[in-house]
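Heads up, the thing below is written out as structure tokens.
The figures that follow rest on heavy atoms only: side chains count, while hydrogens, waters and symmetry mates do not. In what follows, chains are A, B, ... by sequence order, proteins preceding strands, each numbered from 1.
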Number of protein chains: 2
Amino acid sequence: MVSISDVAHEAHVSKMTVSRVINHPEQVSPEIRKDVQRVISQLGYVQNRAGRALANNRHYNIAFILLDNVNEIEPYYAHLLMHLTDALREEGYTLEMRHDRNFDLTNVDGFLICGARHSDFTVLNNLPIPVVIYGTESGITSVDIDNQAGTLLATKLLISQHYQRLLFLGMDIDEPFATNREMGYRQAMREADREVEIYRLPNNEHIVQRFLQNDDLSANTGIIAATDRLGLGALRASRQQGLQVPDDIGIVGFDGIYIHQLAEQPLTTVQQPLKEIAGHMVQLLLAELSGKTVESVYVVPKLIHGETTK
Amino acid sequence: MVSISDVAHEAHVSKMTVSRVINHPEQVSPEIRKDVQRVISQLGYVQNRAGRALANNRHYNIAFILLDNVNEIEPYYAHLLMHLTDALREEGYTLEMRHDRNFDLTNVDGFLICGARHSDFTVLNNLPIPVVIYGTESGITSVDIDNQAGTLLATKLLISQHYQRLLFLGMDIDEPFATNREMGYRQAMREADREVEIYRLPNNEHIVQRFLQNDDLSANTGIIAATDRLGLGALRASRQQGLQVPDDIGIVGFDGIYIHQLAEQPLTTVQQPLKEIAGHMVQLLLAELSGKTVESVYVVPKLIHGETTK
DNA sequence: TTGTAAGCGTTATCAG
DNA sequence: CTGATAACGCTTACAA
């Protein structure tokens with residue numbers, strides 16, 4: 001493996017000059033800089049991360065902690081992970097995968113956290129290294145979609161398509177994203193001067209389907225679902241009752257990764273822009289690492305039109 | 001952060017003795033060893049990986065490369081990843097996520113690869129660091145399920161449940177796992193002295209469903225699908241034709257992660273034991289890293305009984 | 001069995 | 001703008 005010394009020797013400069021060309025190029029005279037850069041690419045030199053880590057008292061390693069139950073891991077985590085990986089790699093960082101609540105600080109510069117529940121936040125708030133969560137919680141740097149804006153879009157779409165009864169399938173958990181998705185629906189209904197109708201259920205398509213069996217979904221019902229899995233259950237219940245989607249029933253899901261495509265009819269859904277989210281998470285974390293104060297970021301999600309709305 | 005020197009000082013020994021207690025405890029006298037261990041846990045000392053990496057010319061970092069198209073990432077990769085993470089972490093290694101074909105050797109001790117296609121193997125064969133793939137390819141250390149044994153099980157199940165027409169829904173790609181799954185079906189049919197009926201399709205439930213619409217699935221058909229997505233398409237086609245599953249039609253999928261549970265009726269499927277696979281992959285890679293010669297491993301998958309067989 | 005010295009590759013600091 | 005030196009935390013080789 002070619003080291004910085006090899007480059008220095010070959011370029012007839014000191015190791016420090018090479019180091020500077022890499023880290024503070026503006027501090028090196030143009031000619032020498034060019035020369036060193038040429039030698040670097042000629043020799044195929046790449047920084048040794050261990051050496052740099054030791055010198056900088058940094059590890060160039062970020063732990064990505066997925067706190068959801070392994071058996072409940074939704075496909076979109078895999079996509080978020082890939083995007084985080086890319087974003088970190090571009091900045092010279094490694095992503096270390098984890099899924100425990102130890103928050104072990106060993107050999108890690110910061111945490112990216114996903115699936116954290118309310119009960120985790122006291123711990124997270126007191127960690128001595130930077131943390132960015134995917135979700136919403138005051139006091140912690142976070143990136144999230146504007147969940148309320150998402151269901152607002154969804155509900156308005158169904159209103160504009162003249163569905164009469166408009167019901168919301170929410171989640172039976174008390175987490176900000178769940179509450180916010182419900183609020184978007186409430187807001188749209190209020191603005192349209194319509195009566196709300198809300199059910200809160202576990203995030204499982206089979207349960208939803210069974211639940212809606214007992215409900216006469218009569219024609220012209222619009223269903224705003226807090227997740228694609230809930231939407232999928234609604235779709236199945238509708239078809240089971242012999243109703244046509246989207247002619248009789250309109251359905252909009254939420255999340256827009258994988259499940260909406262796998263459904264019997266592709267779901268119209270509010271899509272989480274995971275690449276954008278990952279980018280923000282990494283940028284915020286790196287900013288915190290370099291000592292800056294940062295503000296949480298909220299991204300407005302977009303409607304993806306499938307075949308469950310007109 | 002507490003370092004090896006702190007421990008050495010506190011325990012009134014040299015750094016080397018501490019190092020030995022960690023790496024070669026048998027070389028240290030019992031009393032001193034105990035004493036040092038006490039100090040270690042008292043101070044909460046943990047090895048700095050960068051220091052160790054630099055001294056050992058190792059990085060303690062393994063790249064996990066997911067070569068499938070990002071948009072086609074199946075949920076089971078997320079699970080495999082989690083298990084690989086755990087297994088590596090237990091051995092003191094970090095998992096670095098990647099999904100490109102650069103095979104960049106920088107700061108990495110080995111590769112774990114997933115989704116490699118035939119065309120990748122010439123490159124993989126000539127890498128200067130250990131590689132373990134998930135899949136089958138002679139010449140490269142690999143871990144795989146015995147795909148043929150899996151479809152053999154699946155086919156035998158449907159035969160034993162007295163389905164008359166037994167058709168195989170295979171994939172339209174020319175990769176060993178696809179071929180082997182087809183061979184398991186062929187073997188079972190040969191042994192039962194039955195005629196084979198094989199269709200090869202893209203791995204997409206919508207396409208399969210459309211394809212089978214034109215086929216009169218008349219009662220008593222058993223369908224062996226090469227993947228759960230294909231099985232899901234078969235399930236939908238059956239229901240669309242008004243046939244009862246599993247009374248009229250029996251279906252067995254393959255993979256057994258996520259999709260089989262999301263289906264309208266939980267699919268009977270051949271499940272990939274991902275935790276076991278991840279464990280083998282890591283063990284083989286570490287063995288190679290320590291210079292041992294190793295043999296590829298094949299794991300026999302198990303049938304999971306859902307509601308698409310009797 | 002234990003300790004000393006040197007070095008892994010990099011960068012911060014300070015001197016020129 | 002450039003270079004010499006020391007230091008980061010750890011381990012190998014050698015000495016005691």
Quick one: label [X] by what it contacts on the DNA or RNA (base, sugar-phosphate, nothing), any heavy atom closer than 4.0 Å.
X       : answer
A:Ser29 : sugar-phosphate
B:Tyr60 : nothing
A:Arg49 : nothing
B:Asn57 : nothing

Short N-O contact, [X] and [Y], less than 4.0 angstrom:
X       : Y       : answer
A:Lys15 : A:Asp6  : no
A:Arg33 : A:Glu31 : no
A:Arg98 : B:Asp86 : no
B:Arg38 : B:Asp35 : yes

Would you mind reading off the distance between [X] atom [atom1] and [N] atom [atom2], rounded to a whole angstrom?
X       : N      : atom1 : atom2 : result
A:Ile4  : D:dA7  : CD1   : P     : 19 Å
B:Gln47 : D:dC10 : CD    : C1'   : 8 Å
A:Asp6  : C:dG7  : CG    : P     : 16 Å
B:Asn56 : D:dC8  : CG    : P     : 19 Å
A:Asp35 : D:dT2  : CG    : C1'   : 14 Å
B:Ile40 : D:dC10 : CD1   : P     : 10 Å
B:Lys15 : C:dC8  : NZ    : C1'   : 13 Å
B:Met16 : C:dG7  : CE    : P     : 16 Å

- Out of D:dC10, C:dT11, D:dG3, whichever nucleotide has its closest atom nearest the side chain of A:Arg52: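 From the listed options, C:dT11 comes nearest.
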
- Item | N or O in side chain of B:Thr17 less than 4.0 angstrom from C:dG3 OP1/OP2 |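 For B:Thr17, the contact criterion (side-chain N or O under 4.0 Å from OP1 or OP2 of C:dG3) is met.
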
- Presence of A:Asn23 side-chain N/O under 4.0 Å of C:dT11 phosphate oxygens OP1/OP2: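 Answer is yes, contact under 4.0 Å.
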
- Task: Test B:Thr94 against every option in B:Arg89, B:His59, B:Arg49 by the side-chain hydrogen bond (donor to acceptor under 3.5 Å, both in side chains) rule and name the one that passes.
- Result: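 Of the listed options, the one satisfying the test is B:Arg49.
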
- Query: Starting at the 5' end of DNA chain D, which residue's closest nucleotide do you reach first, B:His24 or B:Ala50?
  - Reply: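 The 5'-side residue here is B:Ala50.
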
- Between A:Val46 and B:Arg20, just flag the one whose closest nucleotide in DNA chain C comes earlier from the 5' side.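 First, find each residue's nearest nucleotide; the 5'-ward one identifies B:Arg20.
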
